*Asks:* 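Structure in structure tokens, see below.
Order of appearance sets the numbers: ligands from 1, and atoms from 1 within every ligand. Keep in mind that what you see is a predicted model, and the values were worked out from it rather than measured.
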Amino acid sequence: MVLDRSTIWPYHDGEPGEFYYQRYGHPTGVEAERRLGELDGGQALLFASGAGATTALVLALLSPGDTIALAEGAYYGTGVTLRELERWGLHVAEFDQTGAPPEGVELVWLEAPSNPFLTMPDLEAAAAHPARVVVDATAATPVHLRPLEHGADFVLHSATKYLAGHDDALLGAIVCRQDDDAERLKEFRTRSGIVAAPDPAFLLLRGLQTLELRVRRQTESATELARRLAKHPNVSTVRHAGFGGLLSFDVAGADEARHVETSLRLITNATSLGGVHSVLEARARWEGGRVPPGLLRLSVGLEPVEALWDDLAQALEIPGSFPSRE
Ligand code: PLP
């Protein structure tokens, strides 16, 4: 693995070589893109963050007046980013991704599985739609889903999450099915400067070496925790896609959610997901009324599953809380 922080490289015989100025490309990024492209079966491009990748994709490939059909319940921030771009003449229409996308849209935006509702999109129905299809597969990772094989045109990752995997790199990626889309996105990336620096690209390369092991273990632990949570008297709903390390569950309300957040000893009360350490938070603090006030999102890390369960079980001993499912 190379970590070359140079912003410039010397010309050869008066001519620029493969690398000459970092905004156009750098060796660490190119190597990380090669490996991610192999994993997803397409041409990968890195961006400064997942939100940066979202912005680049939309600005590079759509035009004013175009409409994006956005999966209801997809990552809250994606809706925020896309609505920011409505000022430039784009429209956003939400739809239920478990069914067919609406007619008359230029881009279909799916999330597999959605964060934090954990629904899965109907990939077949989306592939049959005339518009191009983006699948944000941040929570699935290529270990569990390769959307290009299901007819998607683009896979989007917040590589900040599982791909880099250690909560120390902010990074986004788009993997393209078509070479001309990749060319256009790369051109836009250079012009807009929404580029990934060498250091996070290096951390992505390191993370990819253990991706499969991490994700398989996280899936195993999350599946077991989801099973136990579903039987807990203070938990009313558990959402898990059946794979992946992300799950969410509901306690009675905001006070109960706050009790759980502040009682944790092993699991960190923080945002984000996909790292080696487990984190949990009440999503209502960010998403307001879009989520139940007692919805807790848990990203399961690599800690022993029994230790995670012990921590959840003690945090779920909520004083004065009555079993909500009886
Ligand atoms: N997509 C999903 C599913 C996410 O969970 C996130 C961040 O939480 C993003 C995109 C945005 O990524 P980033 O925070 O790297 O900009």
*Asks:* With distance as the sole criterion, is a donor-acceptor pair present between the side chains of S263 and Q314 under 3.5 Å?
*Replies:* no
*Asks:* With the 4.5 Å side-chain cut-off for hydrophobic clustering, are L246 and V215 part of the same group?
*Replies:* yes
*Asks:* Go through ligand 1 atom by atom and flag the ones less than 4.0 Å from a non-hydrogen atom of K161.
*Replies:* 4 (C), 5 (O), 6 (C), 7 (C), 8 (O), 12 (O), 14 (O)
*Asks:* With a 3.5 Å cut-off and no angle check, do the side chains of H26 and S6 form a donor-acceptor pair?
*Replies:* no
*Asks:* Could you tell me which atoms of ligand 1, counted from 1 in the order shown, lie closer than 4.0 angstrom to a heavy atom of N115?
*Replies:* 5 (O)
*Asks:* Check whether the side chains of S248 and R297 place a donor and an acceptor atom closer than 3.5 Å, and report yes or no.
*Replies:* no
*Asks:* Using the ring pair (Phe, Tyr, Trp, His ring centres under 6.0 Å) rule, take Y20 and W9 through it: C-alpha gap first, then chi angles, then the decisive distance, then the call.
*Replies:* CA-CA 5 Å; Y20 43 93; W9 291 268; 8.3 Å; no
*Asks:* Around atom 11 (C) of ligand 1, find the nearest protein heavy atom and jot down its residue, atom name and distance.
*Replies:* Y75 CE2, 3.6 Å
*Asks:* Using a strict 4.0 Å cut-off to heavy atoms of E111, name the atoms of ligand 1 that fall inside it.
*Replies:* 3 (C)
*Asks:* Side chain of H129, backbone of P102: donor and acceptor closer than 3.5 Å?
*Replies:* yes
*Asks:* Quick one: which ligand 1 atoms are inside 4.0 Å of a heavy atom on T160?
*Replies:* 15 (O)
*Asks:* Number the atoms of ligand 1 from 1 as they appear, then name those within less than 4.0 Å of a heavy atom of T138, with their elements.
*Replies:* 1 (N), 2 (C), 3 (C)
*Asks:* Are any of the N/O atoms in G50 less than 3.5 Å from those in ligand 1?
*Replies:* yes
*Asks:* Hey, which atoms in ligand 1 end up nearer than 4.0 Å to a heavy atom of A51?
*Replies:* 11 (C), 12 (O), 13 (P), 16 (O)
*Asks:* Measuring from non-hydrogen atoms of H157 to any atom of ligand 1, is the shortest distance under 4.0 Å?
*Replies:* no
*Asks:* Using heavy-atom distances, let me know which of V80, D136, L170 sits nearest atom 2 (C) of ligand 1.
*Replies:* D136
*Asks:* Whether the side chain of T210 engages the backbone of G207 through a donor-acceptor N/O pair (distance < 3.5 Å, no angle test) should be reported.
*Replies:* yes
